[in-house]
Amino acid sequence: MMRSVAVIGKKCLHRHTVVLKGNPRTTLCWERSFAGASSDDCREKLSRKVLQDLKLDDAIGLFGDMVKSRPFPSIVEFNKLLSAVAKMKKFELVISLGEQMQTLGISHDLYTYSILINCFCRRSQLSLALALLGKMMKLGYEPDIVTLNSLLNGFCHGNRISDAVALVDQMVEMGYKPDTVTFTTLIHGLFLHNKASEAVALIDRMVQRGCQPDLVTYGAVVNGLCKRGDTDLALNLLNKMEAAKIEANVVIYSTVIDSLCKYRHEDDALNLFTEMENKGVRPNVITYSSLISCLCNYGRWSDASRLLSDMIERKINPNVVTFSALIDAFVKKGKLVEAEKLYDEMIKRSIDPDIFTYSSLINGFCMHDRLDEAKHMFELMISKDCFPNVVTYNTLIKGFCKAKRVEEGMELFREMSQRGLVGDTVTYTTLIQGLFQAGDVDMAQELFKEMESFGVSPDIWTYNILLDGLCDHRKLEKASVVFESMQKSKMELNIFTYNIMIEGMCKAGEVDNAWKLFTGLNGVKANVVTYNTMISGFCRKSLLQEANALFIEMKENRTLPDSCTYNTLIRAHLRDGDKTASAELIKAMRSCGFVGDASTFGLITNMLHDGRLDKSFLDMLS
DNA sequence: TTAGGGTTAG
């Protein structure tokens, strides 16, 4: 590449002129063509307005007319058409039209070459783009900034980001003046290749070379940094901008504020909000919505409500996003009444709810087992031509499954397919879980098979639910087969996977196998549930020594026992007739602030009745 | 007549 670009030099400029002069054919033809109706037609068809909404078929037809008309229309007309086709992203077609032109003896000019180089780049055919650049330069055309920016874009989107950086340096050395397009293209490429620090360094390098980056360039870097959560670096850039007397605008401030808030620096976000006000930058509905939404999600309702009244007072009107964000936050915190009030308020303000609004409300109704209202909301949105997407369906399906109405969930699943929506991993996982809970083991397994055959990849949660369902329904053998295939696959098993299998084995009486699994957790850390399950497995087999040993081990491994750990052990020791050990455990449990659970109370009551225990035990428990 | 990516919120 560098060799090709290295030949770009001043001497080309001379030849450039010569070639343009030496290309009188198109000029002459064009002059003559004023008399020809067909060429006039073409020219009319190529007017800017027509080109804007030109259809692909018309473009091809037009090209056919153009190559048939004699004399040929000028190269400018061809360039306009090629450009229009390139805008339709039909890059291959542009290339083939270019080839046809050459076959017909219609010479390309600088613009044609630029368009074609761009097309090769967009098709990731870097070598062909470079070859064409070489050819073009041999003919004496000096690439201009647009040609080089296209090439730069090609490098950025191909895997040649270091060549992209080098190209910009070389452009500067050769006297080209990189423009905003050059920089935003390179910056975008750097972020695409995870080179955030190089993007920041680029800004410094530009300044060093006496090339002051503009607002757009800064904006691109700030945006890229914020998307990665590098808010410190973004704030540094804001300071740099200020030092360079480039005033950040509301978009840049909103970007940083949003990012600060999302990464849990909400107070810094609020401070920056004040700072932008002090600098005379007026926040807009987006600045407010983003802050309000984050604050609500963190439960900072009073701050959020202060901002809301603030924005209304300043006539910055909340829009559908503001309302939806609020509704969603209220719903997630279980405040459905408030969410419904907000919904009424937005209707009163003639703000149309959108798919987010409806989906949040449907979620709210589902969370409160108000399935009929959820369904009603779902039908309402459709009646308003706001069509549910896979997320909306998943929400409602989950609601029905949780309410043990898996049949209706399945019905929705079929309905979404009819609407042309494809279920995703969440859809299938939810339904598989619902089917297992409803005891429909066969259907659950069938759905799992369907999901695989439809190319929807099960994730670790899908597998965990499958394992759990199989174990719950006494299909440990089948679960073990699945588990082994998971171990062999690249999938990372989590502690839930192990907990499910350990529990399944213990419940099936296979404590030895469960213990084997427990001692062979592949780099996964046991949690309190893992210990509880194993301890309970030992207790079930009256292996109290093992259970006690594990209880000690879990404390040594800094896994805090919970109410379940204590209750399991207490019951086991009571059944074993060891009153002393039980009494000690009860004391220890109480000192941790836990109490006896229903099973423990039940057992003690029974033992009181048949005289195995005296009343002091009951007093100890409560 | 040629190029980039947008500009931010649920």
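A note on names: the letters A, B, ... follow the listed sequences, proteins ahead of strands, and every chain is numbered from 1.
One atom, OH of A:Tyr253, and another, C1' of B:dA9, lie 19 Å apart when rounded to the nearest Å. To the nearest angstrom, C1' of B:dG10 lies 13 Å from CD1 of A:Ile351. At whole-Å resolution of the value, CG in A:Leu295 and C1' in B:dA9 are 13 Å apart. Rounded to whole angstrom, the span from the CE atom of A:Met276 across to the P atom of B:dA9 amounts to 14 Å. With rounding to whole Å, A:Glu77 atom CD is found 9 Å from B:dT1 atom C1'. Between A:Leu308 atom CG and B:dA9 atom P the separation is 19 Å, expressed in whole Å. The distance from atom CG of A:Asp328 to atom C1' of B:dA9 is 13 Å, rounded to the nearest whole Å.
A:Lys384 and A:Asp354 are not joined by a salt bridge, as no carboxylate oxygen comes within less than 4.0 angstrom of a charged side-chain nitrogen.
Across all strands shown, A:Ser290 has heavy atoms under 4.0 Å from sugar-phosphate atoms exclusively, and none from any base. Within 4.0 Å of A:Val320, counting heavy atoms only, lies at least one base atom of the nucleic acid.
In this structure, A:His368 places its NE2 atom where more than 12 heavy-atom neighbours from other residues, nucleotides or ligands lie under 6.0 Å away. More than 12 heavy atoms of other residues, nucleotides or ligands sit less than 6.0 Å from atom CD of A:Glu379. Surrounding CG of A:Asp169 are more than 12 heavy atoms belonging to other residues, nucleotides or ligands, all under 6.0 Å away.
Remark: A:Arg228 fails to qualify as a cation-pi partner of A:Phe191 under the 6.0 Å distance and 45° angle criteria applied to the six-membered ring.
Partners of A:Gln212 according to the side-chain contact (heavy atoms from CB on, under 4.5 Å) rule, which considers only residues two or more places apart in sequence or in another chain, are A:Val207, A:Tyr218, A:Ala244, A:Ile246.
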Base-contact (B) and sugar-phosphate-only (S) positions in nucleotides 2-7 of chain B, heavy-atom cut-off under 4.0 Å, - elsewhere: BBBSSB

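With hydrogens and angles ignored, a donor-acceptor pair closer than 3.5 Å exists between the side chain of A:Asn319 and the base of B:dA9.
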